[in-house]
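Numbers here are sequence positions counted from 1.
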Amino acid sequence: MTLPPWVTPPDETDDSEIDKKLAARLGVTVDQLHEIDRQMAEDVRARDAVPPADRIVDSSPKFNEGFGPDNAADTAQSGEIRASATLPPLLSAEDAMAPNYDAWTRLPVFYFPITVGDTLIGYLWGSQDGKSAGFFRNLASAVDRVKFAVYWNNRLEETYGMGLTPAEAIEYWRGRPGDPQLGAIAGNAERGESRTIQELALRLNPDKPLGDGPWVQDGTFPSGSPEDRSEGFSAIAPSPTTTYPEETASAVIYLPVSLKGTIVGYVWASTSDDAAGYIPRTAVGHTGFVAGGLWRSRLINAHMAGLSALDAVRRCRSLPDNAPGTFGVIEPIPEQEAPTLADLRRLADQD
């Protein structure tokens, strides 16, 4: 065979010297080293002749400790690789993992405290209008991390199998017997609400922020644009940092965004500084969050164009409609004012 010009032909003298050095290091002769090579090749051929699903590789030192002098511990024995008709079928990754709720959400959540006696050891949470549920452990508690995770994950798997929504799932475990070390939800526990799971996690562990999680959650990108492009389209990239601040201590003006006659959120701007944003209406759940994708994108564009927050919000009403069945429209009504941003958020939380 003619080798290509970039390949150096093997040098038999070099190979011989390498074999001598390797044999000396292993404490065997060169002939014994070559015999080991032949045994290895034979073992590999025998292994390859057996279908992968039927293979058993015993815990032989030959495969775990390397090679040495020819003795029982280091020599391949009969049966190291053998076929077996009793092996169970291999499970796929999907089959091995029981179905469960999504672990992340950007939507508001309900939650219950998980307690052992009077000690708070975690929260069990479920999205108010979505497919996500999960739990957080109080890192200051002495509860075993792994056992806690397995126990509460199994409970969510159980309610998922029953067909319960996330909100129904966490309600199901209220008042039911728990584990003396891993906790339970007391029968008289009050259901709480949190705007995000990040906010909820910080209530439990103030020094351990949760992070943003995966890019796609609740079927949407961070901008609010649907993962399923048939449901609408807007920018799929996360909102850049070059946008308006989303907090203010001043009064705000706001414009309701309506979809098919229902208010789904509010575009707002501060009256005295440069803050602006979009607040989804809690009562419409996922729909309000998705609708915000377009309006957040328009605020970003306005900020990049150098507009003030007030001008940016007022400009939103003059822009052409874009997939109004997904993102809604701003009706031709006068802008409204709230004394504080907190007041507007309370309005958005009302039924």
Quick one: closest heavy-atom pair of S270 and T248, and the distance? OG-OG1, 3.3 Å
What do the steps show when you test T105 against S127 for side chain to side chain donor-acceptor pair (under 3.5 Å), and what is the final call? CA-CA 7 Å; T105 181; S127 57; 5.0 Å; no
Are any of the side-chain heavy atoms of [X] and [Y] separated by less than 4.5 Å?
X    : Y    : result
T287 : L259 : yes
V329 : S258 : yes
I279 : W268 : yes

Geometric cation-pi criterion, R176 with Y172: 6.0 Å, 45°: yes
Got a salt bridge between E246 and R345, using NZ or NE/NH1/NH2 to carboxylate O under 4.0 Å? no
Residues E168, R174; criterion salt bridge (charged side-chain N to carboxylate O under 4.0 Å, His left out); working and verdict: CA-CA 10 Å; E168 292 169 340; R174 177 161 61 171; over 6 Å; no
Could you check whether F136 and Y123 have their ring centres less than 6.0 Å apart?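 No - the distance between ring centres of Y123 and F136 does not fall below the 6.0 Å cut-off.
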Tested for side-chain contact (heavy atoms from CB on, under 4.5 Å) against R195, the lone hit among E193, E199, Q198 is E199
Any donor-acceptor pair under 3.5 Å linking the side-chain atoms of Y111 with those of R203?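 Yes.
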Derivation of the side chain to side chain donor-acceptor pair (under 3.5 Å) call for E158 and N154: CA-CA 6 Å; E158 182 177 340; N154 288 345; over 6 Å; no
